[in-house]
Amino acid sequence: MGFSVQVSGGAELYRLRGQLKQLGDTGLGKHMDRAFKAAVKPLGPAIREEAGQALPSGYAPVLSKSLRFRLASKTKRQSTEVSYRVFGDGKRERRDVPSLNRGKLRHPVYGKRRKAWVEQKVRPGFVDRPADRLMPDISREMRSVIKYVSNELKG
């Protein structure tokens, strides 16, 4: 289970992708994808840093090492959605990042042989805070990439 941070765009990106397909491989599509990845790159380290501050000292380093990030985009006729997934791989299964982001940490009681689990409250929003803080810059950079590719297609 992961957690997504989404940036929605408009029909302009849909038109650009359509024009890029019609023109064939001009390298602009790859440039746009690389630029989108570069735009969201600061989000990963910011989330790792925030996890270190929001979570208990024994769990923060473990989670920070296991956090993984994926960027995906879906282009529809009227909108484009760029999604940034945050998830963590545990030893046996995925870590529950959405619950951690809501402020709930489930863990086994240390020293208990019968595997008793407890829910501990932690500071909520370790993914939301960096995303909210960086979203204006990410959106601005993505809009500039769309503008650049649009200008390249026009001229």
Side-chain angles (χ1 to χ4, degrees), residues 1-10 12-14 16-17 20 25 27-149:
M1 178 178 267
F3 184 80
S4 294
V5 177
Q6 297 177 347
V7 179
S8 294
E12 185 177 1
L13 188 56
Y14 178 79
L16 287 177
R17 290 219 186 253
L20 287 172
D25 185 18
L28 285 175
K30 288 181 183 179
H31 171 75
M32 189 165 57
D33 290 338
R34 269 188 257 128
F36 281 172
K37 285 180 183 175
V40 297
K41 195 169 188 164
L43 197 52
I47 290 172
R48 284 184 202 276
E49 182 181 328
E50 190 69 34
Q53 296 169 4
L55 299 172
S57 61
Y59 187 66
V62 174
L63 179 70
S64 291
K65 286 181 192 175
S66 73
L67 284 177
R68 303 285 179 261
F69 310 99
R70 295 273 190 282
L71 179 69
S73 62
K74 286 183 189 176
T75 306
K76 300 175 187 170
R77 183 164 296 283
Q78 294 301 318
S79 65
T80 298
E81 189 175 273
V82 178
S83 178
Y84 190 72
R85 276 193 84 212
V86 180
F87 59 94
D89 288 326
K91 288 183 180 179
R92 293 190 185 108
E93 59 187 29
R94 290 257 163 106
R95 300 187 189 280
D96 193 3
V97 175
S99 288
L100 287 169
N101 192 52
R102 286 191 303 269
K104 297 176 183 176
L105 168 63
R106 286 193 66 238
H107 61 87
V109 177
Y110 181 75
K112 296 284 185 183
R113 290 182 181 240
R114 289 197 281 161
K115 302 286 182 189
W117 284 73
V118 294
E119 190 173 282
Q120 178 179 346
K121 288 186 178 182
V122 294
R123 186 174 163 209
F126 84 96
V127 175
D128 292 341
R129 279 188 301 280
D132 291 343
R133 187 175 66 242
L134 295 173
M135 200 52 64
D137 296 333
I138 292 170
S139 297
R140 191 176 319 111
E141 200 167 325
M142 286 184 172
R143 279 193 297 272
S144 71
V145 168
I146 292 169
K147 194 177 209 176
Y148 169 78
V149 171

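- Here Glu119 pairs with Lys104, Arg106 under the side chain to side chain contact (heavy atoms under 4.5 Å, CB included) rule; sequence neighbours left out.
- Minimum heavy-atom separation, Pro42 to Ala39: CD-O, 3.5 Å.
- Contact check for Val40 versus Met142: side-chain heavy atoms found under the 4.5 Å cut-off.
- When Val86, Asp128, Asn101 are each tested for a side chain to side chain contact (heavy atoms under 4.5 Å, CB included) with Ile47, only one passes: Val86.
- Ala60 approaches Gly52 most closely through the heavy-atom pair CB-CA, 3.7 Å.
- The side chain to side chain donor-acceptor pair (under 3.5 Å) analysis of residues 48-66, with sequence neighbours excluded, yields the pairs Glu50-Arg129, Ser66-Arg95.
- Taking every heavy atom of both residues into account, Gly88 and Val97 meet most closely at N-CG2, 3.7 Å.
- Ala35 approaches Glu141 most closely through the heavy-atom pair O-OE2, 4.5 Å.
- For the residue pair Ala54 and Val122, the shortest heavy atom distance occurs at O-CB, 4.0 Å.
- Closest of all the heavy-atom pairs between Val127 and Pro130 is O-CD, 3.4 Å.
- In terms of modelled atom types and a separation under 3.5 Å, the side chain of Asp89 and the main chain of Arg94 share no donor-acceptor contact.
- Side chains of Ile138 and Tyr84 form no contact here, defined as non-hydrogen atoms less than 4.5 Å apart.
- Atom-to-atom distance recorded for Leu105:CG and Arg123:CZ is 15.0 Å, nearest 0.5 angstrom.
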